[in-house]
Amino acid sequence: MPNAVFDAIRGNISSFLGGAAVDLLPGDAEIVADDTTFSKIISIEERPYCFIARRESLSFTRSETVFCRELLTAFSGLFSGFQQEGYAAQFRTALLASIMDITVARSLRGDHRKGFWPIQQLIQLLKNLSYQRYEGKPATTGFLVHRTTPSLLRKLVRERRHALVPLQPHEDISPDFFSNPLPYRFVDGTNLFFVANIQMQVTGVLHTSPSLMHTDVERLTQREIFSLVRRAGHGAFAMTVNEVSEIEVLISPATLLVRRKGAWAIFDPDIFRSFLAGSIDAESIDELLWTVYALSKERHGTVILIYNQGARKLALLKKGSVGGNDPVGRLLIHRVQKRTICDLKKAGILLRILSADGMTVFNKAGRLMETGFIFDTSYAREVVTGGGRTTAASAASFFGKVIKVSQDGPIELYQDGRLVYRFG
């Protein structure tokens with residue numbers, strides 16, 4: 001019975017772990033674990049079962065393993081609560097609909113035992129809001145949930161030159177919190193956020209400082225809110241509904257839990273750092289990975305190759321250029337060639353380069369070699385299921401690490417002609 005029920009949520013777990021193979025096996029046999037295998041023994045109905053997750057090439061991060069442990073605890077508890085004969089199908093339906101929400105709430109509550117239900121209410125409130133439209137546009141909003149004292153919070157806000165407008169009396173976050181559209185129309189999760197304690201009582205509204213200048217990438221990836229979350233007490237988090245009706249949960253260290261297309265996923269920078277380690281320097285990796293998330297959020301497609309061979313060989317792989325022989329296009333490309341990822345990000349043009357058609361190629365020093373590059377897809381060694389970007393990504397990955405972003409949001413990592421990880 002546990003295995004049949006596990007099958008109902010297998011796809012959600014696999015998707016959350018970037019396409020990892022997952023299974024639940026009876027017994028408590030020791031699994032030989034390595035960096036690409038995670039296993040845990042759990043007890044269901046006083047019988048041992050072993051959960052296994054395997055992923056080629058990429059090791060599991062701490063955030064992923066913590067989430068899996070919370071999920072397995074929730075699964076064990078929920079399964080034990082549904083024992084009436086004839087209710088198996090109903091239980092699988094309930095589990096499929098709620099297990100990931102429950103796991104997210106459990107992971108956010110930390111050691112605060114009474115924090116689960118208020119957090120779950122906030123998740124449900126924002127799920128409902130994510131379907132809301134106002135005058136044809138998606139409803140957006142944001143909450144910063146702190147775990148520090150009011151005085152330390154006020155000090156933090158002053159240090160960051162923000163403004164905090166207190167709300168008296170405090171307002172509980174309830175199912176009808178947004179029954180009036182004014183709160184979410186005004187507090188839109190861009191530069192205005194509700195401030196709440198862990199009991200989910202709104203204590204004020206935060207207005208981020210207009211004097212803090214941010215690039216498009218920093219704005220799209222909420223870098224300032226991450227800074228506040230990091231300093232607002234252990235276990236603090238922020239939760240927003242963004243312009244594309246996704247729920248983003250910002251936790252520390254800088255990691256995102258994202259509810260996209262009805263399913264939860266994790267954007268964990270450590271996964272990208274592990275994938276790109278040894279290909280380019282650490283600073284370039286960080287600048288690139290957050291730009292990639294911004295592209296995903298904005299629904300701009302791209303293919304990025306971190307090329308590991310010489311420039312002469314690259315010329316043989318070129319089938320053309322998106323700009324052709326247009327003199328203006330050649331001039332613009334020439335002006336940005338050989339600049340580093342960090343330079344392009346600081347200049348505010350990295351996002352624009354990557355969102356243009358064609359492949360973008362960087363060398364191992366993080367310097368731009370080509371943009372608008374049309375790759376020779378004959379190097380793809382197997383039949384590829386997908387469109388032109390997928391074929392190009394697969395072919396190019398024999399010459400370096402490849403990151404592909406689809407126009408509908410998913411981020412994929414390719415190595416040696418194979419898809420090794422998928423987010424969203």
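When reading the values below, keep in mind they use all heavy atoms of this one structure, side chains included, and skip hydrogens, waters and symmetry mates.
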Would you check if the side chain of [X] reaches a backbone N or O of [Y] as a donor-acceptor pair within less than 3.5 Å?
{"X": "Ser274", "Y": "Asp270", "value": "no"}
{"X": "Ser394", "Y": "Gly417", "value": "yes"}
{"X": "Thr340", "Y": "Arg367", "value": "no"}

pair [X]-[Y]: side-chain heavy atoms closer than 4.5 Å:
{"X": "Phe194", "Y": "Met239", "value": "no"}
{"X": "Glu64", "Y": "Ile271", "value": "yes"}
{"X": "Leu288", "Y": "Ile403", "value": "yes"}
{"X": "Gln337", "Y": "Glu370", "value": "yes"}
{"X": "Phe67", "Y": "Val104", "value": "yes"}

Pairs where [range] contributes a residue and the test salt bridge (Lys or Arg N to Asp or Glu O under 4.0 Å) is met, not counting sequence neighbours:
{"range": "residues 93-105", "result": "Asp101-Lys127"}
{"range": "residues 167-191", "result": "none"}
{"range": "residues 277-299", "result": "Glu246-Arg299, Glu248-Lys297, Arg273-Asp286, Glu287-Lys345"}
{"range": "residues 117-126", "result": "none"}

Any residue meeting side-chain contact (heavy atoms from CB on, under 4.5 Å) with [X], in chain and number order, not counting sequence neighbours:
{"X": "Ser63", "result": "Thr61, Thr255, Ile266, Asp268"}
{"X": "Thr208", "result": "His162, Asn191, Phe193, Leu206, Ile225"}
{"X": "Lys364", "result": "Asn308"}

- Message: Tell me which one of Val195, Leu122, Asn197, Val202 satisfies side chain to side chain contact (heavy atoms under 4.5 Å, CB included) with Val145.
- Response: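 Filter result, single survivor: Leu122.
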- Query: Knowing that exactly one of Val22, Leu24, Thr103 qualifies, which makes a side chain to side chain contact (heavy atoms under 4.5 Å, CB included) with Ile13?
  - Reply: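 With Ile13 as partner, side chain to side chain contact (heavy atoms under 4.5 Å, CB included) holds for just one option, Val22.
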- Query: Just checking, any donor-acceptor pair under 3.5 angstrom between side chains of Gln132 and Asn128?
  - Reply: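 Short answer, no.
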- Message: When you compare the side chains of Ser378 and Asp376, does any donor N or O come within less than 3.5 Å of an acceptor on the partner?
- Response: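 Distance-only check passes for Ser378 and Asp376.
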- Roughly how far, to the nearest 0.5 Å, is CE of Met359 from OG1 of Thr302?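 The distance works out to 9.0 Å.
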- Item | Nearest-0.5 Å distance, OG of residue Ser57 to CG of residue Leu413 |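 Output value for this atom pair is 10.0 Å.
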For [X], give me all partners under ring-ring contact (aromatic ring centres under 6.0 Å, His included), at least two apart in sequence or on another chain.
{"X": "Phe237", "value": "none"}
{"X": "Phe178", "value": "Tyr184"}
{"X": "Tyr379", "value": "Phe399"}

- Message: Test: ring pair (Phe, Tyr, Trp, His ring centres under 6.0 Å). Region: residues 253-277. Which pairs qualify, not counting sequence neighbours?
- Response: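 For residues 253-277: Phe267-Phe272, Phe267-Trp290, Phe267-Tyr293, Phe267-Phe423.
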- Message: Please list all pairs meeting side chain to side chain donor-acceptor pair (under 3.5 Å) that have one or both residues in residues 415-424, counting only residues at least two apart or in different chains.
- Response: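 Residue pairs passing side chain to side chain donor-acceptor pair (under 3.5 Å), neighbours aside: Glu56-Arg418, Glu412-Arg422.
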- Which atom names give the shortest non-hydrogen contact between Leu276 and Lys401, and what distance separates them?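 Nearest pair, atom of Leu276 first, then Lys401: CD2-CB, 3.9 Å.
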- Item | Test of ring centre spacing under 6.0 Å for Phe75 and Tyr49 |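 Ring centres of Tyr49 and Phe75 not closer than 6.0 Å.
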